[in-house]
Q: 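Sharing a structure with you now.
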Amino acid sequence: MPHSPGARPPQRRRRVRRRTALAATVPLLLLTAAAQPPAPLGIGDRLFPYLGNPGYHVTDYDIALDYHRNDAPLDAVTTIDARATERLERFNLDFTRGTVRSVEVNGARAEFVPAGEDLVVTPARPVPRGTPFTVTVRHTSDPRGTKDGGWVTTKDGLVMANQADAAHRVFPGSDHPSEKADFTFRVRAPKGLMVVANGVATGRRTRGAVTTWTYRTRHPMATELAQVSIGRSVLVEATGPHGLRLRSVVPAGERERLAPWTARTAEQVTWLEGRIGRYPFENYGVLIAEATTGFELETQTLSLFEHDLFTKRSFPAWYIESVMVHELAHQWFGDSVTPRAWTDVWLNEGHATWYEAQYAELKGGRKLVDRMRRAYEFSDLMRADGGPPADLRAPAPGKKVSIFRPVVYDGSALVLYALRQKIGARAFDRLERVWVERYADATVSTADFTALASKVAHQDLSAFLHAWLHDPTTPPMPGHPDWKVTRKPA
């Protein structure tokens, strides 16, 4: 999630692959695709209808990038392993902001043509239903003019910010959170630069003036959570609870200045593990970039932060730490347990805001109940602005991240507060732990959460949660009959 500290003033392992079609029209699209002109397709996400692609599921990405400088296109080869769910005479990849030089399917040259932000591929031979296949795309990846996401230019290199609709501005694939896959990154860069990516380092080789860095994820990942950092950085390594490897990336020359912040990660991991269970991945760290994004982002195992968050004096320490916990909490809620559709994003942001607020109470004395009372007061206005938490309004034209309105954050955390008031703190705490354990590495829906909450609480919560998640007006808050909503603009 893009999380902007400026949006809120400081005074307040089991591998499971779950995928479901998001639209009943997908089979019809597949049957008629060969007879239609090339066109962008999607899997039916209401908020981003052209994300993802019907007819196949991706299992692996191997992304090779050749970096020259941060104002020039990278040369790239993206290899995709997938499995066909239908007979494919033609299929789409999400991709834009790059020049495609060639496409191969199972080693044979394929025809391709752009269509909107898709690349329509016609293999030399149709891919039979139920069979694995490999797509190799030779292309460029252009970081220039990417105000709408994807590559972000830093003072001395690049980082990625792919949420919510931007990974296909970096590499081709199926750019939807329901399409989690394994990733390998192979990045060539001048040897004076450091490259860090999601997962664990599996190789580093220098030949002449160029170093090739290789990273591999150990858990499946959504495309919007991919991260590659290239620049004059240093790696700050430490050990967290139960031997967890911590690796933070900071600008060269800033290690000592930023050390008080990177040193707090171990304590934050320990605090969250005490509430929701063991950290779900192989490592964790903060990536502090000298760039202006307007938000912080939970890229998997390596959360992205703006340098100014830690170096300007605009925010008190408790607030900065609570933002760090917000992105860390996303490693459980959003990264490990991933929304099946973008309308389920409240499951990510509501939970991350919930633990952010608890940490702000611990470190800054900002009481959770006061924040929730204020959120309740303005809840109807948040719903009018952005839609109910699980029925969000579509993004504004040309502003992909505009789905991240206040209702996604405090409005969604308010739903969790109402649920805890309804079922009690003990049942709620158990629900949180069971949720992240049962659905680790999986994709989930709001219906999954409702079903599990009902099971853990031993009561049918369908009507209760439906009202809180879908109604245009805010239901009464259990235990707080005196709480009132306002009709006046904030």
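Model, not experiment: these values are computed from the prediction.
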Q: Please round to the nearest 0.5 Å and tell me the distance separating atom OG1 of Thr299 and atom CE of Met221.
A: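 Here the interatomic distance stands at 9.0 Å.
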Q: Is it the case that the side chain of Thr353 and the backbone of Gly350 share a donor-acceptor pair, with hydrogens and angles ignored and the cut-off at 3.5 Å?
A: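 No, the answer is negative, given that no donor and acceptor are paired below the 3.5 Å cut-off.
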Q: Would you say the side-chain atoms of Arg46 pair up with the backbone N or O of Leu392, donor to acceptor, closer than 3.5 Å?
A: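 Yes.
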Q: Considering residues at least two apart in sequence or located in another chain, which fulfil the side chain to side chain contact (heavy atoms under 4.5 Å, CB included) criterion with Thr202?
A: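 Testing Thr202 for side chain to side chain contact (heavy atoms under 4.5 Å, CB included), a comparison that skips the adjacent residues, returns Val200, Thr214, Arg216.
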Q: Identify the two heavy atoms, one from Arg188 and one from Asp66, that lie closest to each other, and give their separation to 0.1 Å.
A: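 Answer, listing the atom of Arg188 first, then Asp66: NE-OD2, 3.4 Å.
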Q: Closer than 4.0 angstrom, basic N to acidic O: yes or no for Glu432 and Arg275?
A: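 Salt bridge: no.
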Q: Please report the C-alpha distance between Val234 and Met194 in whole Å, then the side-chain angles of each, then the deciding distance to 0.1 Å, and finally whether the side-chain contact (heavy atoms from CB on, under 4.5 Å) criterion is met.
A: CA-CA 7 Å; Val234 294; Met194 171 171 282; 5.6 Å; no
Q: Looking at every heavy atom in both Pro143 and Pro73, which two are closest together, and how far apart are they?
A: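 In terms of heavy atoms, the two residues are closest at CD-CA, 3.8 Å.
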Q: Could you tell me whether Asp71 and Arg144 have a side-chain N and a carboxylate O separated by less than 4.0 Å?
A: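 The answer is no: the pair does not qualify as a salt bridge.
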Q: Applying the side chain to side chain contact (heavy atoms under 4.5 Å, CB included) test to Thr265, which of Val236, Leu244, Val325, Leu246 qualifies?
A: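 When side chain to side chain contact (heavy atoms under 4.5 Å, CB included) is applied between Thr265 and each of Val236, Leu244, Val325, Leu246, only Leu246 qualifies.
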Q: Taking the six-membered ring for Trp, are the ring centroids of Phe310 and Phe305 within less than 6.0 Å of each other?
A: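 Here the rings of Phe305 and Phe310 have centres that are less than 6.0 Å from each other.
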Q: With sequence neighbours left out, write down each residue that passes side chain to side chain donor-acceptor pair (under 3.5 Å) with Asp165, or none if nothing qualifies.
A: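 Counting only residues at least two positions away or on another chain, Asp165 forms a side chain to side chain donor-acceptor pair (under 3.5 Å) with Lys400.
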Q: Please tell me if the side chains of Val105 and Thr134 come closer than 4.5 Å, counting only heavy atoms from C-beta onward.
A: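 Sidechains of Thr134 and Val105: no contact.
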Q: Restricting to non-hydrogen atoms, name the atom on Arg340 and the atom on Thr443 that form the minimum distance, rounded to 0.1 Å.
A: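 Taking every non-hydrogen atom into account, NH2-O, 2.6 Å.
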Q: Measuring from atom CG of Leu416 to atom CE of Met372, what distance do you get when rounded to the nearest 0.5 angstrom?
A: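 Answer for the CG-CE pair, Leu416 versus Met372, is 8.5 Å.
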Q: Output the distance between atom OG (Ser174) and atom OH (Tyr56), rounded to the nearest 0.5 Å.
A: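 OH of Tyr56 is found 4.5 Å from OG of Ser174.
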Q: Under a 3.5 Å distance rule, please check whether Glu306 uses its side chain to pair with a backbone N or O of Ala289 as donor and acceptor.
A: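 Not a single qualifying donor-acceptor pair exists.
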Q: Pairing donors with acceptors under 3.5 angstrom, does anything connect the side chains of Thr262 and Ser248?
A: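 Short answer, no.
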Q: Go through it in stages, so that I can follow the logic: the residues are Thr140 and Asp75, the test is side-chain contact (heavy atoms from CB on, under 4.5 Å), and I'd like the CA-CA distance, side-chain angles, deciding distance and then a yes or no.
A: CA-CA 5 Å; Thr140 63; Asp75 297 305; 4.2 Å; yes
Q: Taking it one step at a time, do His176 and Asp45 satisfy side-chain hydrogen bond (donor to acceptor under 3.5 Å, both in side chains)?
A: CA-CA 9 Å; His176 191 270; Asp45 191 295; 2.7 Å; yes
Q: Let me confirm one number: the CG-CD distance from Leu368 to Glu356, rounded to the nearest 0.5 Å.
A: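 Reported value, rounded in 0.5 Å steps: 11.0 Å.
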Q: Hey, does Phe428 have a side-chain heavy atom less than 4.5 Å from the side chain of Gln421?
A: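 No; the side chains remain at least 4.5 Å from each other.
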Q: Taking the side chain as C-beta and beyond, is there a heavy-atom pair between Thr136 and Val103 under 4.5 Å?
A: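 Of all side-chain heavy-atom pairs linking Val103 with Thr136, none is under 4.5 Å.
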Q: Measuring from Asn283:CG to Arg247:CZ, what's the distance to the nearest 0.5 Å?
A: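 One gets 4.5 Å once the value is rounded to the nearest 0.5 Å.
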Q: Under 4.5 Å between any side-chain heavy atoms of Val228 and Ile230, yes or no?
A: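 Yes, close enough: below the 4.5 Å cut-off.
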Q: Cut-off 3.5 Å, side chains only: do Arg278 and His242 have a donor facing an acceptor?
A: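 Side chains of Arg278 and His242: pair found under 3.5 Å.
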Q: If you take all heavy atoms of Ala440 and Ser336, which pair is closest and at what distance?
A: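 Taking Ala440 first and Ser336 second, the nearest heavy atoms are CA-OG, 3.5 Å.
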Q: Starting from the C-alpha separation in whole Å, work towards a yes-or-no answer on side-chain hydrogen bond (donor to acceptor under 3.5 Å, both in side chains) for Thr184 and Asp62.
A: CA-CA 5 Å; Thr184 299; Asp62 188 307; 4.6 Å; no
Q: Report the C-alpha separation of His330 and Gln300 in whole Å, then their side-chain angles, then the decisive distance to 0.1 Å, and conclude whether the side-chain hydrogen bond (donor to acceptor under 3.5 Å, both in side chains) test is met.
A: CA-CA 9 Å; His330 270 307; Gln300 191 161 306; over 6 Å; no
Q: Is the ring pair Phe183/Tyr61 parallel, tilted or perpendicular, if the boundaries are 30 and 60 degrees?
A: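 Correct class here is parallel.
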Q: Could you go through Asn198 and Thr301, starting from their C-alpha distance and side-chain angles, then the distance that decides it, and tell me whether this counts as side-chain hydrogen bond (donor to acceptor under 3.5 Å, both in side chains)?
A: CA-CA 6 Å; Asn198 312 93; Thr301 72; 4.5 Å; no
Q: Okay, side chain of Arg83, backbone of His57: is any donor-acceptor separation there less than 3.5 Å?
A: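 Checking the backbone N and O of His57 against the side chain of Arg83, no donor-acceptor pair under 3.5 Å is found.
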Q: Do Ile403 and Phe48 touch side chain to side chain, with heavy atoms closer than 4.5 Å?
A: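 They are in side-chain contact.
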Q: Closer than 4.0 angstrom, basic N to acidic O: yes or no for Lys363 and Glu267?
A: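 Yes, charged N to carboxylate O under 4.0 Å.
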Q: One thing to verify: whether Arg169 and Glu117 come together as a salt bridge, which I'm taking to mean a side-chain N less than 4.0 angstrom from a carboxylate O.
A: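 Result for this pair is yes, salt bridge flagged.
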Q: Is the distance from the ring center of Tyr439 to that of Trp332 below 6.0 Å?
A: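 No.
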Q: Determine whether Asn53 and Asp118 make a side-chain contact, defined as any pair of heavy atoms from C-beta on separated by less than 4.5 Å.
A: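 Yes, close enough: below the 4.5 Å cut-off.
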Q: What about the rings of Phe95 and His168, do their centers lie closer together than 6.0 Å?
A: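 Between His168 and Phe95, which both carry aromatic rings, the centre distance is not below 6.0 Å.
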Q: Do Phe185 and Val195 come within less than 4.5 Å of each other through their side chains, counting heavy atoms only?
A: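 No, every pair of side-chain atoms sits at 4.5 Å or beyond.
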Q: Aromatic rings Trp271 and Tyr359: how do their planes relate, parallel, tilted or perpendicular, breaks at 30° and 60°?
A: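 Trp271 and Tyr359: perpendicular rings.
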Q: Should the pair Asp142-Arg97 be classified as a salt bridge under the 4.0 Å nitrogen-to-oxygen rule?
A: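 Between Arg97 and Asp142 there is no salt bridge, as every charged N stays at least 4.0 Å from the carboxylate O atoms.
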Q: Looking only at non-hydrogen atoms, find the nearest pair between Pro177 and Thr338 and report the distance.
A: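 Residues Pro177 and Thr338, closest heavy atoms: O-CG2, 3.6 Å.
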Q: When rounded to the nearest 0.5 angstrom, what distance separates CG in Leu65 from OG in Ser141?
A: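 OG of Ser141 is found 6.0 Å from CG of Leu65.
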Q: Of all heavy-atom pairs between Ser303 and Gln331, which one has the smallest distance, and what is that distance?
A: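 Ser303 and Gln331 have their closest heavy atoms at OG-NE2, 3.3 Å.
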Q: What I want to find out is whether Glu237 reaches Arg245 closely enough, with some N-O distance under 4.0 Å, to be called a salt bridge.
A: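 Yes, this pair counts.
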Q: Where does the angle between the aromatic ring planes of His351 and Tyr355 fall among parallel (under 30°), tilted (30 to 60°) and perpendicular (over 60°)?
A: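 Ring orientation, 0 to 90° scale: parallel.
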Q: Walk me through whether Trp346 and Phe449 qualify under side-chain contact (heavy atoms from CB on, under 4.5 Å).
A: CA-CA 11 Å; Trp346 78 272; Phe449 185 80; 3.9 Å; yes
Q: Quick one: is the NZ or CZ of Arg433 closer than 6.0 Å to the six-membered ring centre of Trp435, and within 45° of its axis?
A: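 Relative to the ring axis of Trp435, which defines the angle, Arg433 lies outside at least one limit.
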Q: For the residue pair Trp213 and Tyr215, does the interplanar ring angle fall in the parallel (under 30°), tilted (30 to 60°) or perpendicular (over 60°) class?
A: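 Trp213 vs Tyr215 ring planes: parallel.
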Q: Can you list the residues that meet the side chain to side chain donor-acceptor pair (under 3.5 Å) rule with Ser445, with sequence neighbours excluded?
A: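 Testing Ser445 for side chain to side chain donor-acceptor pair (under 3.5 Å), a comparison that skips the adjacent residues, returns Asp448.
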Q: Determine, for Asp308 against Lys312, whether the closest basic-nitrogen to carboxylate-oxygen distance falls under 4.0 angstrom.
A: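 The answer is yes: the pair qualifies as a salt bridge.
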Q: Looking just at side-chain N and O atoms, do Asn70 and Thr153 make a donor-acceptor pair shorter than 3.5 Å?
A: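 No donor-acceptor contact under 3.5 Å links the two side chains.
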Q: When you compare the side chain of Val58 with that of Asp81, does any pair of heavy atoms fall below 4.5 Å?
A: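 SC-SC contact between Asp81 and Val58 ruled out.
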Q: Taking Arg232 first and then Glu290, would you say they form a salt bridge - that is, a charged N and a carboxylate O separated by under 4.0 Å?
A: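 Looking at Glu290 together with Arg232, the answer is no, because their closest N to O distance does not fall below 4.0 Å.
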